[in-house]
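Heads up: the structure comes next, in structure tokens.
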Amino acid sequence: MLRLTDFIIDCPDAMKLAAFYSEVTGVPVKGDSNEHWAGIQLGGGIELAFTPVEDYRAPQWPDSEHPKQFHLDFEVDDIEAEQSRVLALGATLKQDMVGPNGYGFRVYVDPVGHPFCLCRNKGVTWTDEGPVWPERD
């Protein structure tokens, strides 16, 4: 059986980027984190981990010369409140694709240039266990 256990993100400083995503997700940085490997344990047993690389070069979204290679999507119940929060934490807004009905997504970059999105999808409801997605045809 194959199970996804870790999603590792290259960065210039593992502890700083782990602290950023810890604040974004509300999940603490793991106690055994250090300057070589820092992580936060997400639901479902998946760890979002950060490892420093020499000569780190940030992606330049949407420039394909320095492609993003991945991005994270976060479904939110209040995109305006979450935007205020992530901007205060050091994110930068890059693109707003939220329609007049309040649904869509916004693209941000974290403090070292990795893109991520705050998404608000129509029909998603929230429970204590997280989002419940509407049935799809």
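Predicted model, so just to flag it, every value in this text is computed and none were measured.
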Start with the C-alpha distance between Q95 and Y108, add both sets of side-chain angles, then the distance that settles side-chain hydrogen bond (donor to acceptor under 3.5 Å, both in side chains), and finish with yes or no. CA-CA 7 Å; Q95 185 177 31; Y108 305 82; over 6 Å; no
Test item: I79 and R106 side chains (from C-beta on) under 4.5 Å apart, heavy atoms: yes
Using atom types as modelled and distance alone, determine if a side-chain donor or acceptor of T92 lies under 3.5 Å from a backbone N or O of V109. no
Using a 4.5 Å cut-off on heavy atoms from C-beta on, say whether the side chain of P115 contacts that of K94. no
For a quick test of your reading: what N or O donor-acceptor pairs under 3.5 Å do the side chains of residues 48-59 make, sequence neighbours left out?
| residue | atom | partner | partner atom | Å |
| --- | --- | --- | --- | --- |
| T51 | OG1 | H36 | O | 3.3 |
| Y56 | OH | V112 | O | 2.9 |
| Y56 | OH | H114 | NE2 | 3.1 |

Over all heavy atoms of both residues, which pair between M15 and A38 is shortest? Give the atoms and the distance, please. SD-CB, 3.7 Å
Consider only side-chain N and O atoms of N121 and Y103, and report whether a donor and an acceptor are under 3.5 Å apart. no
Using the side-chain contact (heavy atoms from CB on, under 4.5 Å) definition, which of the options I40, L89, L118 pairs with V24? L89
Please step through salt bridge (Lys or Arg N to Asp or Glu O under 4.0 Å) for the pair R85 and E23, ending with a clear verdict. CA-CA 9 Å; R85 202 170 65 78; E23 290 293 325; 5.4 Å; no
Any chance you could lay out the salt bridge (Lys or Arg N to Asp or Glu O under 4.0 Å) test for E80 and R120, step after step, and finish with the verdict? CA-CA 10 Å; E80 299 303 329; R120 183 66 184 121; over 6 Å; no
Test item: F105 and V98 side chains (from C-beta on) under 4.5 Å apart, heavy atoms: no
Working to the nearest 0.5 angstrom, can you tell me the gap between D6 CG and I46 CD1? 9.0 Å
Under the criterion side-chain contact (heavy atoms from CB on, under 4.5 Å), I'd like the reasoning laid out for V86 against F116: C-alpha separation, chi angles, the key distance, then a yes or no. CA-CA 11 Å; V86 300; F116 69 94; 4.3 Å; yes
Once you round to the nearest 0.5 Å, how far does CD of Q41 lie from OG of S22? 12.5 Å
Each residue besides I8 in its hydrophobic cluster should be listed here, by chain and number; the cluster joins Ile, Leu, Val, Met, Phe, Trp and Tyr at side-chain heavy-atom distances under 4.5 Å. W37
Taking the side chain as C-beta and beyond, is there a heavy-atom pair between Q83 and L93 under 4.5 Å? yes
To the nearest 0.5 Å, tell me how far C119 SG sits from L72 CG. 10.5 Å
Given side chains that start at C-beta, do those of V29 and Y21 come closer than 4.5 Å, heavy atoms only? no
